[in-house]
Amino acid sequence: LTVLGSLVLSLMVGVLCYYTLMLRQSPERALMRGIRHGEFFVEYQPVFHTATSAIAGIEALLRWQHPTEGRISPDLFIPYAEDEGLIIPLTRHLFSIIITDIPQLVQAMPRGAKLGINLSPSHLNAPSFHDDVSQLRAKLPGDYFTLLFEITERGMVEEENALAEFDWLHRQGIEIAVDDFGTGHSALIYLQRFTLDYLKIDRGFVNAIGQDTATAPVLDAVISLAKKLKMRTVAEGVETAEQVSFLQEHHVDYMQGYYFSKPLRIKALMEFCFDYQATI
Ligand code: C2E
Ligand code: MG
Ligand code: MG
Ligand code: MG
């Protein structure tokens, strides 16, 4: 059994090494070729208003379907693109995919829906940042969507330009969310330094509901902290009915997770939204 176990383990390690090596060998080429060859696509995950159950918006999540490696997780290729200085072309590519989906998104989403996009912190400091954002905004239909940029806690703390850039984004009518709140090791001071619109409670916290008794008071504190700072709260990774009722009772403003819907390609998102509208 142990022999079999170690065999399986070394096989897994082997696969992982190969995977990493494959990307390390010609990182730039693999990614840039992926962009040119249309290997990237976007899935959209709906976000729901807790009080009314209405669809409040979507989060765009980038996907890479590599021709030989198959699906590569954004948890792998995003940090990698950040390290290799490729995050800006990749994000511009993401914007261009979203732009091609706009006509369908308008059909699927109610007016005023939030269009959530994850932004890499380093992009904030890039000379092209304003141009990149302005070009995206120019392609959005009037005020149909509210753009919402999601930035992790780490990004809040590490980027010196954040304060000025957040002000600029707000002047453009763009909202800002702290993503994965509670996973960073950051001091909470950034919460009062910046004007932030949403606090996205990491799915690690949400997962612990009903499993770990220490979670309830921590979540309670997080939610009331957000309220005091006039931030709206979003729970991510909601998977069970038990989590839903907990979050309702604790007045979390928005919910997102497999319980409602997985991230969906544009066609499936449209079907989901039409069916969902019919049921509520
Ligand atoms: P995130 O922004 O926190 O995105 C939420 C992640 O949780 C997504 O994983 C989503 O598929 C997953 N998720 C949603 N609901 C559930 C649930 O109920 N249960 C579980 N177990 N998972 C759920 P994904 O798509 O693998 O993305 C991982 C991370 O990669 C994202 O975390 C985000 O930080 C980053 N990312 C994805 N797309 C982009 C992008 O276009 N740009 C940048 N800069 N980062 C991106
Ligand atoms: Mg996010
Ligand atoms: Mg998140
Ligand atoms: Mg996350």
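Note that ligands are numbered from 1 as they come in the structure, with each ligand's atoms numbered from 1 the same way. We use all heavy atoms of the structure for the numbers below, so side chains are in, but hydrogens, waters and symmetry mates are not. The structure presented is a predicted model; accordingly, all values stated were derived computationally and were not measured.
- Residue contact check: Asp75 has heavy atoms under 4.0 Å from atoms 28 (C), 29 (C), 30 (O) of ligand 1.
- Asp179 contributes OD1 as its N, O or S atom closest to the Mg ion (ligand 3).
- At under 3.5 Å, not a single nitrogen or oxygen of Ser73, backbone or side chain, sits near a nitrogen or oxygen of ligand 1.
- Between Asp180 and Thr183, the shortest heavy-atom contact is O-OG1, 2.7 Å.
- Contact analysis leaves Glu82 out of contact with ligand 1, as no non-hydrogen atom separation drops below 4.0 angstrom.
- Classified by interplanar angle (parallel below 30°, tilted 30° to 60°, perpendicular above 60°), the ring pair Phe194/Tyr190 is tilted.
- Contact annotation: Arg63 has at least one heavy atom less than 4.0 Å from an atom of ligand 1.
- A donor-acceptor pair shorter than 3.5 Å cannot be found between the side chains of His130 and Gln172.
- In terms of modelled atom types and a separation under 3.5 Å, the side chain of Asp179 and the main chain of Ile151 share no donor-acceptor contact.
- Phe41 carries Arg265 over the face of its six-membered ring, with the cationic atom under 6.0 Å from the centre and within 45° of the normal.
- To the nearest 0.5 Å, atoms CD1 (Ile266) and OG1 (Thr100) are separated by 8.5 Å.
- When non-hydrogen atoms are compared, ligand 1 lies under 4.0 Å from the side chain of Gln45 (C-beta onward) but not from its backbone.
- Considering backbone and side-chain atoms alike, Gln256 places every N or O at 3.5 Å or more from each N or O of ligand 1.
- One finds the CD1 atom of Ile98 at 8.0 Å from the CG atom of Leu105 (value rounded to the nearest 0.5 Å).
- Heavy atoms of Asp180 found under 4.0 angstrom from ligand 1 belong exclusively to the side chain.
- For His250 (side chain) and Phe246 (main-chain N/O), a donor-acceptor pair under 3.5 Å exists by modelled atom type.
- Residue Glu236 approaches ligand 1 through these ligand atoms, each under 4.0 Å from one of its heavy atoms: 3 (O).
- One finds the CZ atom of Phe260 at 4.0 Å from the CE atom of Met255 (value rounded to the nearest 0.5 Å).
- Contact annotation: for Thr152 versus ligand 1, there are no heavy atoms closer than 4.0 Å.
- The nearest pair of heavy atoms linking Arg203 to Gly237 is CB-CA, 3.6 Å.
- Proximity of Ser120 to ligand 1, defined as any heavy-atom pair under 4.0 Å, is shared by backbone and side chain alike.
- Comparing Ile117, Thr240, Leu61, Val42 by heavy-atom distance to atom 10 (C) of ligand 1, the nearest is Leu61.
- When OE1 of Glu150 and OD1 of Asn118 are joined through the Mg ion (ligand 2), the resulting angle is 90° to the nearest 10°.
- Interface of Glu239 with ligand 1, defined as ligand atoms under 4.0 Å from a residue heavy atom, comprises 17 (C), 18 (O), 19 (N), 20 (C), 21 (N).
- Through side-chain heavy atoms spaced under 4.5 Å, either directly or across other Ile, Leu, Val, Met, Phe, Trp or Tyr residues, Leu148 is tied to Val47, Tyr198, Val234, Tyr254.
- Contacts between Arg203 and ligand 1, counted as non-hydrogen atom pairs separated by less than 4.0 Å, involve the side chain only.
- For Glu236, the N, O or S atom with the smallest separation from the Mg ion (ligand 3) is OE1.
- Under 4.0 angstrom from ligand 1, there are no non-hydrogen atoms of Glu43.
- Set against the non-hydrogen atoms of Leu94, the atoms of ligand 1 under 4.0 Å away are 41 (O).
- Across the listed options Val238, Leu90, Asn118, Asn118 owns the non-hydrogen atom lying nearest to atom 46 (C) of ligand 1.
- Residue Pro263 approaches ligand 1 through these ligand atoms, each under 4.0 Å from one of its heavy atoms: 11 (O).
- When only interatomic distances are considered, the shortest N/O to N/O separation between Leu62 and ligand 1 falls below 3.5 Å.
- When distances from the Mg ion (ligand 3) to the N, O or S atoms of Asp180 are compared, OD1 comes out shortest.
- Checking only distances, Tyr259 never comes within under 3.5 Å of ligand 1, N or O to N or O.
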Evaluation steps, ring-ring contact (aromatic ring centres under 6.0 Å, His included), between Phe166 and Phe149: CA-CA 10 Å; Phe166 290 172; Phe149 285 144; 9.8 Å; no
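- The closest heavy-atom contact to atom 22 (N) of ligand 1, among the options Phe181, Tyr258, Phe260, comes from Tyr258.
- The ring of Phe40 has its center closer than 6.0 angstrom to the ring center of Phe77.
- Per-residue contacts place Gly257 under 4.0 angstrom from the following atoms of ligand 1 (heavy atoms of the residue considered): 15 (N), 18 (O).
- Lys262 NZ: 12 or fewer foreign heavy atoms inside a 6.0 Å radius.
- A perpendicular orientation is assigned to the rings of Phe129 and His123, their planes being inclined by more than 60° (bins at 30° and 60°).
- When distances from the Mg ion (ligand 2) to the N, O or S atoms of Glu59 are compared, OE2 comes out shortest.
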